[in-house]
Amino acid sequence: MAGLIDQIEPLKQAALAEFNAAPDLAALEQAKGKWIGAQGRFTALMKQLGTLPKEEKPAAGKAINAAKVELEAALAERRGDLELKASLPKEPTDFTLPGRRRVLGKLHPLTQVTEDIVRSFRKIGFVVADGPEVEDEYYCFDALNTPADHPARDTQDTFYLQTLTRPDGHRLPSDVRGAGGESHPLLLRTHTSSVQIRVMEKQPPPIRIIVPGRVYRRDNADATHNPTFHQIEGLYVDKGVTVGDLKGTVEFVFREVLGEDVKIRFRPHYFSYTEPSYEIDFTNALVKKMGKDWLEIAGCGMVHPLVFENVGYDPEVWTGWAFGFGIERIAMLRYGINDIRLFYENDVRFLKQF
Ligand code: DAH
């Protein structure tokens, strides 16, 4: 038998050859076992080291260790190559194929219009406020000075809920409002005006808010109505606020959103939470093209003293205005859309155009 030291190199070469020839990871593991596993041939050689005469041991030990290091490095490298190979596609790649394009989504036109309106109001110092869609009669009507016999409160016009507690289990403060412990029926808010009360209850003046949000009415869907739609409410409270401020603000925002040729006019109207109250009519080239002189677009007015009293503001000190308008109406004007239902159908062919 050749000396131990002379067997190292040929064994190593044979092991290396087998590692490098392994066609896949399973074969490589097998080769590893055969050579450097517990019962492996190279391992057996290492075990013989003990039988050598003392003076031969250092040289043989050194050579064996070097070979082992080399084998393990080769094993790791081959394993890396085979792992990479296993992760690559089995079929060849055709680099001449066109790439797969990701379809980019878009914001819904109602969202785009809402964001534009909000952006305009932000420029003049308004902030966005929010309130619940499941509201109670106090915030939706009573606190806004809307009497019990007002048609908006009729079950024919409004969605009432059977429960007095909100679905999330949270009891509204007004559920337990009143010394008599009377509660206020819950409903889906019919307008965003309820948020005026919620904000004023929570903070002292001055106030400059806008409230975009979803509202609900018991309407049948047609080209201009939908039981769910969107409004933006505005509220400004400070000392010495005038109708002039209201008109200037509304004009500024409408021009930003719908173009410089926009004209607006205020027409006397009635809302229970404002006095005096107005409806805002609007016109531009598009309205003329529709064969009309003016389009009614929003309600507004100076905040009623009783509303201030309901939230604990002194009406002798504070003044303010409020307005509310429908976002769909603005979007329809802006894009020339003639049927409100298109907004809710989620037909991609429609949505892609904005
Ligand atoms: N809440 C009214 C509606 O839904 C709109 C409105 C009118 C809001 C006058 C106001 C206002 O804040 O002052 O038709």
Side-chain angles (χ1 to χ4, degrees), residues 114 117-118 121 126 128-133 135-147 150-154 157-159 187-201 205 207-219 224-238 241-251 253-254 264-282 295-308 310-311 313 315 318-330 340:
T114 305
I117 296 171
V118 166
F121 275 107
F126 282 71
V128 172
D130 198 9
E133 288 172 26
E135 194 44 282
D136 76 13
E137 277 197 316
Y138 178 76
Y139 289 102
C140 207
F141 301 125
D142 296 276
L144 287 162
N145 195 33
T146 304
H150 194 283
R153 299 180 68 147
D154 198 290
D157 291 308
T158 304
F159 294 105
L187 45 81
L188 298 181
R189 68 179 179 193
T190 57
H191 53 184
T192 42
S193 305
S194 52
V195 186
Q196 290 186 28
I197 306 297
R198 287 185 174 276
V199 169
M200 286 193 284
E201 269 187 354
I207 296 214
R208 241 183 271 173
I209 53 158
I210 43 163
V211 186
R214 198 174 286 141
V215 300
Y216 304 84
R217 298 209 186 148
R218 248 172 119 152
D219 282 329
T224 53
H225 295 85
N226 198 64
T228 307
F229 61 103
H230 301 79
Q231 286 187 330
I232 287 199
E233 191 81 12
L235 174 68
Y236 180 34
V237 181
D238 208 331
V241 173
T242 69
V243 175
D245 300 323
L246 170 56
K247 200 166 179 192
T249 305
V250 169
E251 210 162 57
V253 170
F254 277 46
I264 60 166
R265 78 174 179 193
F266 278 29
R267 196 162 29 77
H269 198 75
Y270 173 80
F271 296 103
S272 47
Y273 31 99
T274 42
E275 178 57 36
S277 306
Y278 309 93
E279 269 194 331
I280 304 173
D281 291 339
F282 150 97
L295 262 188
E296 160 203 327
I297 201 146
C300 67
M302 301 305 288
V303 178
H304 198 292
L306 281 174
V307 172
F308 279 151
N310 287 337
V311 297
Y313 288 4
W318 300 105
T319 47
W321 48 248
F323 66 81
F325 56 82
I327 297 173
E328 277 81 348
R329 192 89 199 253
I330 306 277
I340 197 173

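Indexing begins at 1, ligand by ligand and atom by atom, following the structure's order.
If you take CD on E279 and CZ on R265, they are separated by 10.5 Å, rounding to the nearest 0.5 Å. In this structure, T224 OG1 and R329 CZ are separated by 8.0 Å, a value rounded to the nearest 0.5 Å.
The aromatic ring centroids of Y273 and H191 lie less than 6.0 Å from each other. Here F325 and F282 keep their ring centres 6.0 angstrom or further from each other.
For ligand 1, the polar-atom distance check against G234 finds no nitrogen or oxygen pair separated by under 3.5 Å.
Using cut-offs of 30° and 60° for the angle between ring planes, the F159 and Y216 rings count as perpendicular.
The shortest contact between atom 12 (O) of ligand 1 and any protein heavy atom is with E233 OE2, 2.6 Å. Nearest protein neighbour of atom 8 (C) of ligand 1, counting heavy atoms only, is G324 N, 3.3 Å. Given atom 2 (C) of ligand 1, the protein heavy atom at minimum distance is Y273 OH, 3.2 Å. Remark: minimum distance from atom 14 (O) of ligand 1 to any protein heavy atom is reached at R217 NH2, 3.9 Å.
Applying the 4.0 Å criterion to heavy atoms of Q196 picks out, from ligand 1, the atoms 12 (O). Residue contact check: G301 has heavy atoms under 4.0 Å from atoms 13 (O) of ligand 1.
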Apply ring pair (Phe, Tyr, Trp, His ring centres under 6.0 Å) to the pair F323 and F126, showing each step before the final yes or no. CA-CA 13 Å; F323 66 81; F126 282 71; 7.6 Å; no

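Contact annotation for S193 and ligand 1: only side-chain heavy atoms (C-beta onward) come within less than 4.0 Å of the ligand.
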